[in-house]
Amino acid sequence: MRKNKKAFSIIGPCSAETREQVLETASLIHQSKLPIDVFRAGIWKPRTRPGNFEGVGKKGLKWLQEVKATYGWPIAIEVASAQQVEDALNSEIDVLWIGARTATNPFSVQEVAAALKGTTGPVWIKNPVNPDLDLWIGALERIVQETKGEVGLIHRGFSIFRASEYRNHPTWQIPIEMRRRYPEIPMLLDPSHMAGKRALIPKLMQLGVDLDYDGWMTEVHCQPDQAWSDAAQQFKPIDLYEIIEDIAWKQKDKINQGEESLLEQYRQHIDLIDEEFFNILNRRMSISEEIGQLKQQNQLTILQTERVQETIKKWLSLGESKGLSKEFIQKLYEAVHLESIEHQGKKLH
Ligand code: PEP
Ligand code: MN
């Protein structure tokens with residue numbers, strides 16, 4: 001993202017609450033000059049726990065038609081069932097998205113896909129709540145099989161078992177892999193649901209630009225603190241406008257000539273370091289295999305929990321002294337340790 005400062009922007013409140021709230025939010029977007037390609041609002045809200053606001057339902061569709069008639073923006077809503085797709089299509093909703101909870105369930109995705117058969121409007125698919133690349137790919141395949149319209153992906157983060165400062169942890173490697181496999185499919189970032197709180201959103205939007213996303217889906221509300229859903233993550237349109245003003249836009253591949261060769265040198269350097277890194281890993285694993293044999297001869301278990309605890313402590317302090325995050329070191333340790341256990345067992349079979 002993006003030459004010419006262009007981010008494809010789906011903007012609007014988390015939920016349509018009242019006619020006034022929808023129209024007031026749209027009017028504030030218009031006044032703020034916030035760049036917008038599509039206006040969003042949830043009509044049916046999938047809530048994790050019962051008893052929360054579950055959306056206004058069909059009556060909200062009329063309010064969205066009013067927004068479209070007034071400002072000319074295409075309208076997007078979330079759909080999770082065949083009935084909802086039918087209601088949306090009957091109300092001339094232009095754009096649909098599949099929410100994270102729905103994307104986890106192949107039955108639901110298939111039902112929505114079947115209802116979309118032969119339709120031509122764009123459909124965006126959020127990542128499933130759990131960090132499962134195949135599930136996201138499956139949802140994409142099901143929708144692509146049926147719709148004739150454009151299909152895109154929205155990265156909104158994942159539930160993970162570790163504590164995280166994010167409401168939904170980015171787990172960047174999943175969208176990066178998704179884009180490697182499907183380079184032609186646009187990918188938006190949803191910093192609102194990823195962050196869960198306003199303070200983290202500017203940093204995420206800048207990251208979206210740096211990581212070359214095609215745009216974003218971001219929540220705004222005329223009175224964010226009074227919102228009936230997701231109050232802590234919604235901005236007033238003018239505040240989101242200010243954040244976007246502060247974004248440092250990046251080019252994808254144009255670089256000054258002198259700097260091009262510098263970039264090339266840095267990349268060669270990185271490649272050499274990677275080679276060295278793999279040689280070191282290979283040495284570490286060979287020693288693990290020797291250790292495995294020694295443990296076998298002495299009838300010791302492969303897993304020695306005390307040793308694991310000591311080593312991770314050492315890793316964390318080494319990592320800290322080298323400016324590496326605790327989270328990264330933990331993940332790296334888990335991966336290296338698992339591989340090492342495999343190698344310890346290798347010579348035994
Ligand atoms: C939403 O966009 O309002 C929403 C419910 O998001 P998600 O499916 O990402 O939780
Ligand atoms: Mn929301």
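Counting starts at 1 for both ligands and their atoms, following the listed order.
- Atoms of ligand 1 found under 4.0 Å from any heavy atom of Lys126 (numbered from 1 in listed order, with element): 1 (C), 2 (O), 4 (C), 6 (O), 7 (P), 8 (O), 9 (O).
- In summary, Lys117 and Glu146 engage in a salt bridge, as defined by a charged side-chain N under 4.0 Å from a carboxylate O.
- For the pair Asp94 and Lys68, the salt-bridge criterion is met [side-chain N within less than 4.0 Å of a carboxylate O].
- Remark: Arg267 does not engage Asp274 in a salt bridge, criterion side-chain N to carboxylate O under 4.0 Å.
- If you check which protein heavy atom lies closest to atom 4 (C) of ligand 1, you get His193 NE2, 3.4 Å.
- Close contacts of ligand 1 with Arg101, meaning ligand atoms under 4.0 Å from a residue heavy atom, involve 7 (P), 8 (O), 10 (O).
- Between Arg40 and Asp190, no side-chain nitrogen of the basic residue sits less than 4.0 Å from a carboxylate oxygen of the acidic one, so the salt-bridge criterion is not met.
- At least one cation-pi condition fails for Arg283 and Phe278: the charged atom is not both under 6.0 angstrom from the six-membered ring centre and inside a 45 degree cone around its axis.
- Within the listing of ligand 1, atoms 1 (C), 3 (O), 5 (C) sit less than 4.0 angstrom from a heavy atom of Lys45.
- Glu78 OE1, 3.6 Å is the protein heavy atom nearest to atom 5 (C) of ligand 1.
- Distance check, rounded to the nearest 0.5 Å: CZ of Phe8 to CH2 of Trp124 gives 5.5 Å.
- Atoms of ligand 1 found under 4.0 Å from any heavy atom of Gly99 (numbered from 1 in listed order, with element): 8 (O).
- A salt bridge links Arg180 to Glu177: one of the charged nitrogens lies within less than 4.0 Å of a carboxylate oxygen.
- Atom CH2 of Trp228 and atom CD of Gln226 lie 11.5 Å apart (nearest 0.5 Å).
- The hydrophobic cluster containing Tyr266, built from Ile/Leu/Val/Met/Phe/Trp/Tyr side-chain heavy atoms closer than 4.5 Å, also comprises Leu262.
- A distance of 6.0 Å or more separates the ring centres of His169 and Phe158.
- Ranking the protein heavy atoms by distance from atom 8 (O) of ligand 1 puts Ala100 N, 2.8 Å first.
- For ligand 1, the atoms sitting less than 4.0 Å from at least one non-hydrogen atom of Arg156 are 7 (P), 9 (O), 10 (O), numbered in the order shown with element in parentheses.
- Protein N/O/S atoms closer than 2.8 Å to the Mn ion (ligand 2): Cys14 SG, His193 NE2, Glu219 OE2, Asp230 OD2.
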